[in-house]
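Comments concern the structure below.
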Amino acid sequence: MDAPSAIEFGRRAKTLAAGLLRERGHLVAMTPHKERFDLWVSGAKIEIKASAWDGRRYQFNLRGSRADVYLLACCAGDEVLTWFVVPSEAIEGRRHVAVSNADPTSYAGQWARYREAWEHVDAAVIGAGPAPWQLSLWEAQR
């Protein structure tokens, strides 16, 4: 079987992240392709980035993103090995983030404190205020 394209790879990570966030009790809506973030999560803007090991690192390109929180998925094939849940303030001004350990669950660098740190999404939701949609319309579409 051929390796997934970069677009398919990104879509899979986005869909998986949306499911995880719904399991955490958040309302999740996917944004249009040209938006500068991937998901509305109970009013917070979330960007999803996925990367496979390239022999030296997992590298995430952040250019052009405008999000409250970044979900960085370190992947092996279709499997997400771990997520780094990074608030925008920690990334401010960066164009790239890299995790330099083939086993991202053992990574001990500057991003390690954000591994599986889902509380950053919860904090962004609280800070975002009310969701930007009418709940009655949302429920009607489900």
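Below, each value reflects all heavy atoms present in this structure, side chains not excepted, and no hydrogens, waters or symmetry copies.
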Rounded distance [0.5 Å steps], OG1 in Thr105 versus CG in Asp103: 3.5 Å
Worked verdict on Tyr107 versus Thr82 for side-chain contact (heavy atoms from CB on, under 4.5 Å): CA-CA 10 Å; Tyr107 172 74; Thr82 195; over 6 Å; no
Closest non-hydrogen atom pair between Trp83 and Ala13, with its separation: CH2-O, 3.6 Å
Sub-4.5 Å side-chain heavy-atom contact between Phe60 and Ile91: no
Spacing of CH2 belonging to Trp53 relative to CG belonging to Leu81, to within rounding of 0.5 Å: 11.0 Å
Side-chain donor or acceptor of Ser51 paired with backbone N/O of Gln59 under 3.5 Å: yes
Audit row: Ser42, His26, side-chain contact (heavy atoms from CB on, under 4.5 Å) steps and yes/no: CA-CA 6 Å; Ser42 300; His26 296 296; 3.5 Å; yes
Arg95, His96, Lys49 screened by side chain to side chain contact (heavy atoms under 4.5 Å, CB included) with Leu62, the one that passes: Lys49
Expected output: side-chain Glu47 to main-chain Tyr70 donor-acceptor under 3.5 Å: no
Arg113 CZ: over 12 foreign heavy atoms closer than 6.0 Å: no
Beyond-backbone contact of Val121 with Arg24, side-chain heavy atoms, under 4.5 angstrom: no
Any donor-acceptor N/O pair, Thr31 side chain to Phe37 backbone, under 3.5 Å: yes
Spacing of NE2 belonging to His120 relative to OH belonging to Tyr114, to within rounding of 0.5 Å: 5.5 Å
Side chain proximity check, Tyr58 to Phe84, heavy atoms < 4.5 angstrom: no
Enclosure of Glu119 CD (heavy-atom neighbours >12, cutoff 6.0 Å): yes
Min side-chain heavy-atom separation Val97-Asn61 under 4.5 Å: no
Residue pair Leu72, Val99: steps toward the side-chain contact (heavy atoms from CB on, under 4.5 Å) verdict: CA-CA 10 Å; Leu72 311 177; Val99 171; 6.0 Å; no
Chi angles and distances behind the side-chain contact (heavy atoms from CB on, under 4.5 Å) call for Leu21, Leu39: CA-CA 10 Å; Leu21 292 165; Leu39 304 173; 4.0 Å; yes
Trp40 side, atom CH2; Leu27 side, atom CG - distance, nearest 0.5 Å: 13.0 Å
N/O donor-acceptor pair under 3.5 Å between Asp54 side chain and Arg57 backbone: yes
Considering all heavy atoms, the nearest Cys75-Val80 contact: SG-CG2, 3.9 Å
Heavy-atom pair with the smallest gap, counting every atom of Ile48 and Ala17: CD1-CB, 3.6 Å
Donor-acceptor contact below 3.5 Å, side chain Arg63 vs main chain Arg94: no
Salt bridge flag under 4.0 Å for residues Asp38 and Lys45: no
hydrophobic_cluster_shared for Trp118 and Val41, side chain cutoff 4.5 Å: yes
